[in-house]
Number of protein chains: 2
Amino acid sequence: MSEQKISEAIHTLKHAGVRITPQRHAILEHLIQSMSHPTADEIYKALEGKFPNMSVATVYNNLRMFKEVGLVKELTYGDASSRFDCVTTEHYHVICDLCGKIVDFHYPGLDEVESLAESVTGFKIARHRMEIYGVCPDCQTKH
Amino acid sequence: MSEQKISEAIHTLKHAGVRITPQRHAILEHLIQSMSHPTADEIYKALEGKFPNMSVATVYNNLRMFKEVGLVKELTYGDASSRFDCVTTEHYHVICDLCGKIVDFHYPGLDEVESLAESVTGFKIARHRMEIYGVCPDCQTKH
DNA sequence: TATTACTTTATAATCGTTACAATTAGTTTA
DNA sequence: TAAACTAATTGTAACGATTATAAAGTAATA
């Protein structure tokens, strides 16, 4: 379960020559254990009990670091804050238009979209992103 | 050509009870004629010759308005500025990782993705977005 | 023409994020 | 284990995109 994911992640970090500070450990743990896709601020608030002196900058610094090492993906949605997602397997996100909830959605990679785009545009395609928007079950019953 | 698109758009606006001010007309014209997907600031700069006193707020206000009427779509990419795209037909965007160029890409709607997401997650799906990233031909030759 | 509502303008404010310099704390070496 | 080295954290200032606000201007309407 998540214990194992955490130690795997820590191993990855050590291998990349990164020190394991208490703050880092806590941010990582929170990212892995929370099944949601928290914003930097949510992580900050969640940990301020344990680390009353932690700076927001630390959260951002480490999230950037995790991203560079490949542990985490940043989900960017326009003006709103970025959300951060622990990379496990490839998946897409389904997002509720009303409450903002994000649900993981597995779908076989759209390789043919990439190859078609490559041949049509002449780009050397590296990746794609897709999000699906709608209203979640909770919000459907409430409205 | 674009003359016709402009008058169509103006008709849509009038029908929605919106006054056609010179600034509005110019912003609309720029959006339709420029084949790119400009940011609010690019529009602002492009028009400051004609309208030395125009405020950025005017650009933002009108872009929001155009969006509400359905003339324009906002493309949001994380921290960077939003880009604005005149709605003509459904299409996706291919984006260069190096220079940021955006190219339109037509692909048959991924209806099956939406319907699968709907059945798997219980969401009532309304739409999706997809972007494809890579390196454009120009940047490929330069690097 | 007077009234009304809508627009624009200029500027201040907001919010997420990053830069910076000073301090603190892991890690390594002796 | 202690000194030395380097990376990480902290607090705060700064930044940039966007929005809010209030005052002034402009079009439409009676």
Could you tell me whether B/Thr58 contacts a base, only the sugar-phosphate backbone, or nothing, with contacts defined as non-hydrogen atoms closer than 4.0 Å?
-> base
Can you tell me the distance, in whole Å, between the CD1 atom of A/Ile43 and the P atom of C/dT17?
-> 11 Å
5' precedence on DNA chain C between B/Val56 and B/Thr21 (nearest-nucleotide basis) | B/Thr21
Rounded to whole angstrom units, what separation is found between the CD atom of A/Glu74 and the P atom of C/dT18?
-> 7 Å
Report yes if a side-chain nitrogen or oxygen of A/Arg24 is closer than 4.0 Å to either non-bridging phosphate oxygen (OP1 or OP2) of D/dT9; otherwise report no.
-> yes
Could you state the CD1-C1' distance from B/Ile27 to C/dT9, rounded to the nearest angstrom?
-> 13 Å
Aromatic ring centroids of B/Tyr92 and B/His128 under 6.0 Å?
-> yes
B/Arg64 CZ to D/dT18 P: how many Å, rounded?
-> 12 Å
Nearest-neighbour nucleotide for the A/Asn62 side chain, C/dT17, D/dT9, C/dA19 considered | D/dT9
Phosphate-side-chain proximity, A/Gln23 and C/dA25, N/O vs OP1/OP2 below 4.0 Å = no
Interatomic distance, A/Lys14 NZ vs D/dA7 P [rounded to whole Å] | 18 Å
N/O (side chain, A/Ser82) to phosphate O (OP1/OP2, C/dT17) under 4.0 Å = yes
The reported gap from CD in A/Glu118 to CD1 in B/Ile132 (rounded to nearest 0.5 angstrom) is 10.5 Å
Of the candidate nucleotides C/dT7, C/dT9, D/dT18, which contains the atom at the shortest distance from the side chain of B/Ser81?
-> D/dT18
Reported CD-to-NZ distance for the pair B/Glu74 and B/Lys67, which is rounded to 0.5 angstrom = 3.5 Å
Heavy-atom nearest nucleotide on DNA chain D taken for A/Pro22 and for B/Arg83; more 5' hit belongs to A/Pro22
In terms of the nearest nucleotide of DNA chain C, which residue is placed more toward the 5' end: B/Arg19 or A/Tyr60?
-> B/Arg19
Measure from the side-chain heavy atoms of B/Val18 and tell me the nearest of C/dT7, D/dA20, D/dT9.
-> C/dT7
Taking only side-chain nitrogens and oxygens of B/Ser55, does any of them come within less than 4.0 Å of OP1 or OP2 of C/dA10?
-> no
Can you check the B/Phe51 CZ to C/dT8 C1' distance for me, whole Å?
-> 12 Å
Rounded to the Å, how far apart are B/Met65 CE and C/dC6 P?
-> 13 Å
Give the ring-plane orientation class for B/His37 versus B/His93, where under 30° counts as parallel, over 60° as perpendicular and anything between as tilted.
-> perpendicular
Are there more than 12 heavy atoms of other residues, nucleotides or ligands under 6.0 Å from atom NE2 of B/His15?
-> no
May I ask you to say what A/Asp41 touches in the nucleic acid, namely base, sugar-phosphate or nothing, with a heavy-atom cut-off under 4.0 Å?
-> nothing
For atom CE of A/Met54 and atom C1' of D/dA8, their distance in whole Å = 13 Å
